[in-house]
Amino acid sequence: MPTVTWGVVQGRREKLVSRVIVCDFLKTLGIVPEELEHLELPSTVEIMRERVEFLQKLGLTIDDINEYPLMLGCSVRKNMIPVLGYLEKIGIQRSKMGEFVKNYPQVLHASVVVELAPVVKFLRGIDVEKQDIGYVLQKYPELLGFKLEGTMSTSVAYLVSIGVCPRDIGPMVTQYPYFLGMRVGTMIKPLVDYLVSLGLPKKILARMFEKRAYILGYDLEETVKPNVECLLSFGIRREALPFIIAQYTQIIGLPLKAKLSVQQYFFNLKLKIDPEGFSQVIEKMPQIVSLNQNVIMKPVEFLLGRGIPSEDVAKMVVKCPQLVAVRVELLKNSYYFFKTEMGRPLKELLEFPEYFTYSLESRIKPRYQRLKSRGIRSSLNWLLNCSDQRFEERLQGNYIETESIGPTFCMGGKLELPGNEIVSDEDDESDDEVLYRRTVSL
């Protein structure tokens, strides 16, 4: 009779032999089995062939399998089919399943009930729409491997604490899910603290993050800080930085030095605007950094074609950079109305180039007709640079009030309307709500 020890030894030998046979089979397919040394493999070649063929039907190649050979340790029936079925159920298309597994093969090891379903439930809980779940996971499949009580929860909690509306977290995740994997202490909070130190209040940052969640992915040391220093080196005033970043947040994530250098040279060469004037343009309209030069030249060429001297066009652009973003068709219509209907001297356009930024049909024409019917003559600034309510008040008053510079927003922080009392509640303000006193013209 054979002993128990003999049976154990014999069983081990059979396993070793079958393992060698399976590894030889994998080698014939071009799969390197070295990483499978500590992995339990199927006992027969038939089972391993089934796994390889199943993965190939998904769209994976032998090279893809070699990138993560541990997927061969997953059973087709116990692991692959349940996981892939669940992924298809939550919105990942079957045609894209192979790409998904290629990008995140670890998903094949996951338990649907213990690991995958709780993550999906978490995403639904933070208001990610059901139809967007698949889209979010395709962008950032690693989410399926996160622990709920870890990075995901803390990043969401921190953003809500600085003023992000909880209902906006879902759309933020849909737009840029990667922030769920960012550590608050090393990535999100340092960026927030730095932007606050520049003069941006947390409430404004919260609105910025809600609209453009990808800002959270900007590298503080490699991108944001160098870009801020670059703006200062081009003559931008430090007190103007909050307005620039709030108006055009992407500017802190661009290859800024190259863009500013090119645009500054272009403005000097073609528009005769010196570096000091260029810095004023950027402060008023930072989007100029990314505006195509052909787009910029079309309005400029139109104004030059109307007989306006180049130095006056330069002054108009410095005073109102938005001019270079107005379509020529709109410029043309507004200009001819000014010349033919209003019959005003060109000097008024030079003093108030903002005229071209107002809608001809909805603001300029109606207001001009109202003034004309009453026999009132005013400056373009008085006519256009106010709300409809204020314009009605001016007409009812039947007089021309003193020209004003318009409203200003003190980043400290009450809205002051010239000639009126300060518009603000006198409620106690927390430290987060008290902003640095820096006036930014609206």
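In this text the structure is predicted, and so the values were computed from the model without any measurement.
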Who are the side chain to side chain contact (heavy atoms under 4.5 Å, CB included) partners of Leu330, not counting sequence neighbours?
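Only Val326, Arg327 meet the side chain to side chain contact (heavy atoms under 4.5 Å, CB included) criterion with Leu330.
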Are [X] and [Y] in a cation-pi setup, meaning NZ or CZ lies under 6.0 angstrom from the ring centre and within 45 degrees of the ring axis?
X      : Y      : value
Lys225 : Tyr194 : yes
Arg367 : Phe391 : yes
Arg306 : Phe302 : yes

In terms of heavy-atom contacts, does [atom1] of [X] have more than 12 from other residues, nucleotides or ligands at under 6.0 Å?
X      : atom1 : answer
Lys139 : NZ    : yes
Gln106 : CD    : yes
Arg183 : CZ    : no
Gln389 : CD    : no

Are the side chain of Glu210 and the backbone of Cys165 linked by a donor-acceptor contact shorter than 3.5 Å?
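Indeed, once roles are kept as given, a pair shorter than 3.5 Å links the two residues.
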Derivation and outcome, salt bridge (Lys or Arg N to Asp or Glu O under 4.0 Å), residues Lys102 and Glu99:
CA-CA 5 Å; Lys102 179 182 174 180; Glu99 183 183 354; over 6 Å; no
Pairs under 3.5 angstrom only: tabulate donor-acceptor contacts from the side chains of residues 269-287 to other protein residues two or more places apart or in another chain.
| unit_1 | atom_1 | unit_2 | atom_2 | d |
| --- | --- | --- | --- | --- |
| Lys272 | NZ | Leu269 | O | 3.3 |
| Asp274 | OD1 | Glu276 | N | 3.3 |
| Asp274 | OD1 | Gly277 | N | 2.7 |
| Ser279 | OG | Glu276 | O | 2.6 |
| Glu283 | OE1 | Arg237 | NE | 3.1 |
| Glu283 | OE1 | Arg237 | NH2 | 2.7 |
| Glu283 | OE2 | Arg237 | N | 2.9 |
| Glu283 | OE2 | Arg237 | NE | 3.2 |
| Lys284 | NZ | Val318 | O | 2.9 |
| Lys284 | NZ | Lys319 | O | 3.4 |

Do we see a donor-acceptor contact under 3.5 Å between the side chains of Ser334 and Tyr358?
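Looking only at side-chain atoms, Tyr358 and Ser334 do not form any donor-acceptor pair under 3.5 Å.
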Tell me yes or no: between the side chains of Gln293 and Gln263, is some donor less than 3.5 Å from an acceptor?
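On atom types as modelled, these side chains qualify, holding a pair under 3.5 Å.
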Going through the distances and angles, do Gln250 and Ile215 end up as a side-chain contact (heavy atoms from CB on, under 4.5 Å)?
CA-CA 7 Å; Gln250 300 94 311; Ile215 299 164; over 6 Å; no
Qualifying residues under salt bridge (charged side-chain N to carboxylate O under 4.0 Å, His left out), relative to Arg212, sequence neighbours excluded
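Arg212 satisfies salt bridge (charged side-chain N to carboxylate O under 4.0 Å, His left out) with no other residue.
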Describe, in one word, how the ring planes of Tyr335 and Phe356 are oriented to each other, choosing from parallel (under 30°), tilted (30 to 60°) and perpendicular (over 60°).
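Tyr335 vs Phe356 ring planes: parallel.
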Checking side chain to side chain contact (heavy atoms under 4.5 Å, CB included) against Ile62, which of Val32, Ile31, Leu55 comes through?
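Only match with Ile62 under side chain to side chain contact (heavy atoms under 4.5 Å, CB included): Ile31.
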